[in-house]
Amino acid sequence: MSHAYVIVAILATIAALAVNVALVLLVRRFRAARGREPLPPPVGGTRRIHQRLLGGLAAAAAILLILGIVLNDRAREVPASSGASASKPPLSIRVAGQQWLWRYTYPDGTFNYYELVVPAGRTVKLNLDSTDVIHRWWVPGLTAMAEAVPGRINHLSFRADRPGVYDGQSATFSGASYAAMRIRVRAVSEGAFTAWLAGQKRDLLTAQAAVQKALGEQGGAATAPSATLTPGVAPQTSGGAQ
């Protein structure tokens with residue numbers, strides 16, 4: 001996915017340079033110097049060369065635009081799992097944006113903030129919404145951007161081909177602390193992901209039991225981490241939204 005992002009950036013840069021070079025040539029050709037008449041228009045072979053140059057630049061810009069549209073569409077396709085995760089179904093994760101952090105809820109109700117942990121090589125489906133204003137989830141090294149909108153679920157899929165850390169940023173201004181709304185995706189092996197998920201669930205249960213004890217609540221220890229999202233967002237259903 002990062003390759004498509006780099007290709008589109010290169011194509012856009014080439015198109016911008018071509019347009020600006022053409023404009024500079026035109027200005028230099030037809031702009032009158034002080035106290036002098038502008039240069040006469042080209043004739044004969046020179047005119048044909050200029051026409052072919054401008055025609056070639058226009059054709060190149062059109063081709064680059066079409067390539068950009070095609071690559072952008074492909075960037076939104078759902079990639080298949082690969083490697084050790086090839087037989088695994090896509091991992092569906094609920095993503096809730098709020099001022100100014102992200103909450104990630106996994107299919108079993110386990111959740112965490114800021115860092116999204118995923119298995120490398122496995123397709124991940126994000127189901128995004130927001131509790132307040134519009135946010136935009138974007139990790140350039142992994143996938144295209146998608147908006148988190150209050151009252152609506154948007155979908156985004158990606159696959160991290162290798163273990164590592166991928167950083168991103170909310171790409172829409174959402175208030176005073178917008179700059180602090182960072183995104184981090186940590187891709188690990190399938191085994192490490194399973195171990196992390198079990199440890200995260202255990203830590204949540206321990207924390208909930210400690211809170212219940214501190215508040216003097218009766219009824220025993222918690223049996224599962226709370227799947228309730230931040231205020232205004234519906235709870236996670238089994239398997240996540242598809």
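Applying the side-chain contact (heavy atoms from CB on, under 4.5 Å) test to Ala207 and every residue at least two apart in sequence or in another chain returns nothing. A search for side chain to side chain donor-acceptor pair (under 3.5 Å) contacts involving Glu147 returns Arg136, not counting sequence neighbours. Applying the side chain to side chain donor-acceptor pair (under 3.5 Å) criterion to Asp167, with sequence neighbours excluded, gives Arg184. Residues meeting the side chain to side chain donor-acceptor pair (under 3.5 Å) test with Arg202, sequence neighbours left out: none. Residues passing the side-chain contact (heavy atoms from CB on, under 4.5 Å) test with Ala187, sequence neighbours excluded: Val118, Ala120, Ala160, Tyr166. Under the side chain to side chain donor-acceptor pair (under 3.5 Å) criterion, Gln99 pairs with no residue at all, not counting sequence neighbours.
Taken to the nearest 0.5 Å, the CG atom of Leu101 stands 14.0 Å off from the CZ atom of Arg182. Interatomic distance, CZ of Arg122 versus CD of Glu190, reported as 5.0 Å (0.5 Å rounding). Atom CD1 of residue Ile93 and atom OG1 of residue Thr110 lie 11.0 Å apart, to the nearest 0.5 angstrom.
Between Tyr106 and Phe193, the ring planes are tilted. Angles from 30° to 60° get that label.
At least one side-chain heavy atom of Pro107 sits less than 4.5 Å from a side-chain heavy atom of Leu91.
With Gln169 contributing its side chain and Trp138 its backbone, the two residues share no donor-acceptor pair below 3.5 Å.
By the criterion of side-chain heavy atoms lying less than 4.5 angstrom apart, applied directly or through intervening Ile, Leu, Val, Met, Phe, Trp or Tyr residues, Ile134 is not grouped with Val139; the two fall into different hydrophobic clusters.
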